[in-house]
Amino acid sequence: MPKDMNTVSIFERRESEARSYCRGMPATFATASGSEITDDAGKTYIDFLAGCSSLNYGHNDPDMKAALIEHISNDGIAHGLDLHTNSKAAFLEAFEEHILEPRGMDHRVMFTGPTGANAVEAAMKIARKVTGRTNIIAFTNGFHGVTTGALSATGNSYHRGGAGTSLNGVTRMPFDGFFPGETDTAEFLDAMLKDKSGGVDAPAAILLETVQGEGGLNAASPEWVKRIAELAKEHGALLIIDDIQAGCGRCGTFFSFDEMGVMPDIVTMAKSVSGFGLPMAMLLVRPEYDIFGPAEHNGTFRGNTHAFITAKVAVEKFWSDDSFQNDLSEKSQLIHDSLADLAAMVPGAYLKGRGLMQGVDVGSGDLAGEICSRAYDKGLIIETSGSEDQVIKVLAPLTTSTDLLVKGFNILLDAANDVLSAPQTIAAE
Ligand SMILES: *Cc1c(COP(=O)(O)O)cnc(C)c1O
């Protein structure tokens with residue numbers, strides 16, 4: 001190897017240019033516990049990114065870790081295709097008891113390949129198979145993953161540009177609040193679907209996030225979601241709620257649509273469903289639409305046995321009574337108040353999102369990026385989202401202590417203050 005090659009890190013030397021988060025946060029991370037993550041130089045960061053909401057219960061939850069270690073020590077099954085395993089049974093029992101039954105949900109659980117995108121693919125395929133229709137309604141700023149089928153439902157032009165092929169079978173409609181002012185985009189959708197010359201093919205499904213995670217924390221109102229659910233029914237389409245990022249407690253309740261009075265035909269889940277950051281995805285589907293034949297939607301890793309172990313602990317530990325959820329509403333308020341302080345520092349800035357999925361639109365991607373980058377230097381990991389990356393997004397683990405939340409927000413406000421008061425920054429122009 002030429003000598004100078006040694007001065008370039010292994011990541012720059014060998015890892016694909018497709019790498020992304022590590023560019024803005026170049027430390028090499030080594031250990032993590034709860035809401036803190038430590039790099040190989042011993043610097044500890046507060047984690048307000050939480051694996052993009054894949055670590056809602058923090059890093060290395062002690063109970064999940066203990067259960068997993070015990071399972072491995074006992075030569076528990078590590079990979080079982082979709083065979084019956086005791087760990088799958090235990091997870092399903094816990095999920096039925098603590099999540100499905102209390103909500104009166106008769107949904108079946110389908111384990112897909114372990115990524116969110118794969119669950120979305122399966123959901124779209126089911127809707128098309130059930131209805132015999134092709135068209136799927138998805139919304140502006142929606143993010144549903146980047147495999148070709150899911151990507152056709154994703155709005156982001158940068159991701160879409162990577163497809164290298166035409167992305168078909170989806171009609172884009174304006175999400176709640178897409179137009180400034182009072183425009184009711186649910187009524188707009190209804191009008192488009194009703195008019196026989198509206199030009200929108202009868203939909204197989206309407207697919208939405210109730211809070212758009214990657215799309216800039218646009219939170220749909222419960223009334224809007226309810227109206228969309230009615231429209232799906234009226235127009236013979238399945239309602240698919242993509243709860244991959246907004247679910248598992250992120251919005252303050254287990255499902256993001258709890259308390260909205262809607263019952264989706266299909267719910268996609270991934271990210272935090274394992275509880276431990278292990279890859280696991282699934283969809284919940286009403287029994288009458290559970291129509292795939294055996295392995296028709298196939299996958300070698302349908303169900304990750306280690307993830308079943310931790311997912312069961314997550315459900316039992318956090319969702320078997322109301323105490324965790326009650327705690328979340330207090331934390332949501334703290335996040336809201338802290339972000340209001342940040343918004344007050346930037347002219348025109350405003351709050352977005354809901355629950356523990358809130359942020360501030362600072363009006364410019366450059367400014368949001370600079371604030372996050374300064375926060376990183378000061379020991380806080382936080383990311384942006386939105387069509388211009390203009391939204392500073394807080395996705396702290398739901399288990400973050402009040403003390404640590406306050407500490408994290410102090411760093412964030414400090415970082416914003418540095419950036420906004422520095423004479424040379426874009427903010428001062
Ligand atoms: C992350 C995400 C996906 C895609 O999940 P992957 O595991 O990255 O494929 C789909 N939908 C939503 C709402 C997401 O946030």
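Both counts, for ligands and for their atoms, begin at 1 and track the order of listing. Only heavy atoms go into these numbers, but all of them, side chains included; no hydrogens, no water, no symmetry mates.
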Original post:
How does Glu209 reach ligand 1, by side chain, by backbone, by both or by neither, if only non-hydrogen atoms under 4.0 Å count?
Top reply: side chain
**OP:** Check whether any heavy atom of Glu214 sits under 4.0 Å from an atom of ligand 1.
**Re:** no
**OP:** Kindly indicate whether atom 5 (O) of ligand 1 is approached by any protein heavy atom to under 4.0 angstrom.
**Re:** yes
Original post:
Hey, which atoms in ligand 1 end up nearer than 4.0 Å to a heavy atom of Gly145?
Top reply: 4 (C), 10 (C)
**OP:** Return the residue, atom name and 0.1 Å-rounded distance of the protein heavy atom closest to atom 9 (O) of ligand 1.
**Re:** Ala117 N, 2.8 Å
Original post:
Is the shortest heavy-atom distance from the side chain of Met173 to the side chain of Thr185 under 4.5 Å?
Top reply: no
Subject >> Minimum heavy-atom distance between Arg302 and Phe111, given as atom pair plus value >> reply: CG-O, 3.4 Å
Original post:
Counting only heavy atoms, which portion of Ile244 has something under 4.0 Å from ligand 1: side chain, backbone, both, or neither?
Top reply: side chain
Subject >> Test of proximity, Phe143 against ligand 1: N or O pairs below 3.5 Å >> reply: yes
Original post:
Once the angle between the rings of Phe292 and His297 is folded into 0 to 90°, is it parallel (under 30°), tilted (30 to 60°) or perpendicular (over 60°)?
Top reply: parallel
Original post:
What distance do Asp201 atom CG and Asn135 atom CG have between them, rounded to the nearest 0.5 Å?
Top reply: 5.5 Å
Original post:
Which protein non-hydrogen atom lies closest to atom 11 (N) of ligand 1, naming both residue and atom, and how far is it?
Top reply: Asp242 OD2, 2.7 Å
Subject >> Ser323 versus Asp321, side-chain donor and acceptor atoms under 3.5 Å >> reply: yes
Subject >> Nearest atoms (heavy-atom pairs only) where Ala90 meets Lys312 >> reply: CB-CD, 3.5 Å
**OP:** Do me a favour and list the nearest non-hydrogen protein atom to atom 14 (C) of ligand 1 with residue, atom name and distance?
**Re:** Lys271 NZ, 3.0 Å
**OP:** Return a yes/no value for Ala270: is any of its N or O atoms, backbone included, closer than 3.5 angstrom to an N or O of ligand 1?
**Re:** no
**OP:** Provide, to 0.1 Å, the distance between atom 7 (O) of ligand 1 and the closest protein heavy atom, together with that atom's residue and name.
**Re:** Gly116 N, 2.8 Å
Original post:
In terms of the angle between their ring planes, are Phe318 and Phe324 parallel, tilted or perpendicular, with boundaries placed at 30° and 60°?
Top reply: tilted
